[in-house]
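Data first, discussion second: the structure below is written as structure tokens.
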2 protein chains.
Amino acid sequence: MRAMISLARSYDGGSVALSDVARAEGISLGYLEQLAASLRKAGLVSSQRGSHGGYRLVSAPAKVTVGEVLRALEGPLSLVECLSETGRSGSCQHETGCPSRVLWERMRDSLAQVLDSTTLADLCHQPESQAAIAARPGH
Amino acid sequence: MRAMISLARSYDGGSVALSDVARAEGISLGYLEQLAASLRKAGLVSSQRGSHGGYRLVSAPAKVTVGEVLRALEGPLSLVECLSETGRSGSCQHETGCPSRVLWERMRDSLAQVLDSTTLADLCHQPESQAAIAARPGH
DNA sequence: TAGAATTCCTAGTATCTTACTAGGAATTGA
DNA sequence: TCAATTCCTAGTAAGATACTAGGAATTCTA
């Protein structure tokens with residue numbers, strides 16, 4: 001999520017190499033590459049290979065919800081296995097008449113409401129990390 | 001949570017042995033004993049040792065929120081380590097100016113709102129599981 | 001008073017997830 | 001040509017979760 005916010009902040013500046021994001025956010029490059037692959041397959045970022053290549057957001061930060069990001073990285077929203085957004089039924093024997101099912105549904109929907117209503121732009125307005133500032137070109 | 005709802009349904013009937021709950025909900029007795037220990041230490045249930053002993057809710061189901069139950073079992077509500085209800089600061093180097101912090105706060109508060117506003121009584125009104133019915137005295 | 005039913009306590013374990021590391025291949029611009 | 005980048009796959013260390021196992025303490029009842 002920090003990486004996506006970092007990309008969002010650079011949205012007007014073209015592609016950003018993952019090595020820059022890695023340095024700014026204190027995430028290893030290898031790990032970031034794996035996350036980026038998921039984000040690319042989900043159509044949230046586009047990539048440019050080779051020298052001076054990098055990643056960039058496909059849509060404007062205000063158009064990208066954190067729900068989309070989270071789903072791209074971790075699959076359908078789910079707090080318990082038997083009750084994900086896409087419904088993995090059959091994974092729990094207690095499903096029929098499970099008394100706590102209603103609770104998990106409420107929790108899932110409450111979370112989804114937050115995730116689908118906050119965008120990357122919302123989070124960009126927060127103060128930038130010291131590491132990110134120090135890692136910017138010119139520092 | 002299913003065990004607590006089971007106890008809530010027996011609230012007027014005195015103590016219930018964990019072996020009954022275990023049978024009704026398909027949870028192993030040994031595991032249930034460990035959960036019960038946490039619930040007892042949190043003051044949510046009281047226990048009676050010996051023959052014809054068992055557990056019972058201390059307060060009426062309508063007075064017990066699932067938030068209390070969850071906190072008793074799993075500690076302070078927390079989706080990410082650096083931002084639990086009691087605040088375990090220092091666990092994350094990115095804390096200062098972390099751009100995603102606001103997001104996790106919103107999610108945590110949204111969940112807490114659900115958890116602290118639904119009671120065991122709310123969940124008791126749901127249909128009872130087949131196993132629980134079959135395990136009731138008289139079946 | 002014996003014995004059965006229960007809670008209480010501690011230690012160990014199997015499985016899964018998360019957050020990585022490692023190493024190399026393919027691509028592209030200078 | 002070469003350096004910088006993305007792309008791909010496999011392996012791994014640590015921790016959490018959901019248990020199992022075994023036994024000690026307590027209490028009611030026959």
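Taking only side-chain nitrogens and oxygens, Ser47(B) never comes nearer than 4.0 Å to OP1 or OP2 of dT6(C). Within the 4.0 Å cut-off from OP1 or OP2 of dT27(C), not a single side-chain nitrogen or oxygen of Ser51(A) is found. The side chain of Tyr55(A) contributes an N or O atom lying less than 4.0 Å from OP1 or OP2 of dC7(D). Close to dC7(D), at under 4.0 Å from its OP1 or OP2, lies a side-chain N or O of Arg40(A).
Residue Gln34(B) places a side-chain atom within donor-acceptor reach of the base of dT20(D), judged by atom type and a 3.5 Å distance cut-off alone.
Per the geometry, CD belonging to Glu33(B) stands 12 Å off C1' belonging to dA5(C), to the nearest Å. Between the CG atom of Leu73(A) and the P atom of dT17(C) there is a distance of 16 Å, rounded to whole Å. Counting to the nearest Å, the P atom of dT17(C) and the CG atom of Leu79(B) are 18 Å from each other. Here the P atom of nucleotide dC8(C) and the CD atom of Gln48(B) are 9 Å apart, to the nearest Å. The interatomic distance linking Leu7(B) (CG) with dT7(C) (P) rounds to 10 Å, in whole Å. To the nearest angstrom, C1' of dC8(C) lies 14 Å from CG of Leu39(B). As a whole-Å value, the separation of Arg23(A) CZ from dT5(D) P is 9 Å. Regarding Met1(A), its CE atom lies at a distance of 12 Å from the P atom of dA19(C), rounded to whole Å.
Criterion: ILVMFWY side-chain heavy atoms under 4.5 Å apart, direct or through other members. Under it, Leu111(A) and Val102(A) are part of a common hydrophobic cluster.
Both His52(B) and Gly30(B) lie close to DNA chain D; mapped to their nearest nucleotides by heavy-atom distance, the more 5′-ward contact belongs to Gly30(B). Residue order along DNA chain C, read from the 5' end via each residue's closest nucleotide, puts Ile27(A) first among Ile27(A) and Arg49(A). Along DNA chain D, the nucleotide nearest to Leu29(B) and the one nearest to Glu74(B) differ in position, and the one closer to the 5' end is contacted by Glu74(B).
In this structure, Ala17(B) reaches the sugar-phosphate backbone alone: every heavy-atom distance under 4.0 Å involves primed, P, OP1 or OP2 atoms, never a base. Among the protein residues, Leu18(B) comes within range of the sugar-phosphate backbone only, with heavy atoms under 4.0 Å from sugar or phosphate atoms but none that close to a base.
Under a 3.5 Å cut-off, the side chain of Arg108(B) and the backbone N or O of Leu77(B) do not form any donor-acceptor pair.
Residues Pro61(B) and Ala8(B) approach most closely at CG-O, 3.6 Å, considering heavy atoms. Nearest heavy atoms, Leu115(B) versus Leu70(B): CD1-CD2, 3.8 Å.
If you check dT5(D), dT6(C), dT7(C) against the side chain of Ser19(A), the one that comes closest is dT5(D).
By the 4.5 Å heavy-atom criterion applied to side chains, Met4(A) and Val45(A) are counted as neighbours.
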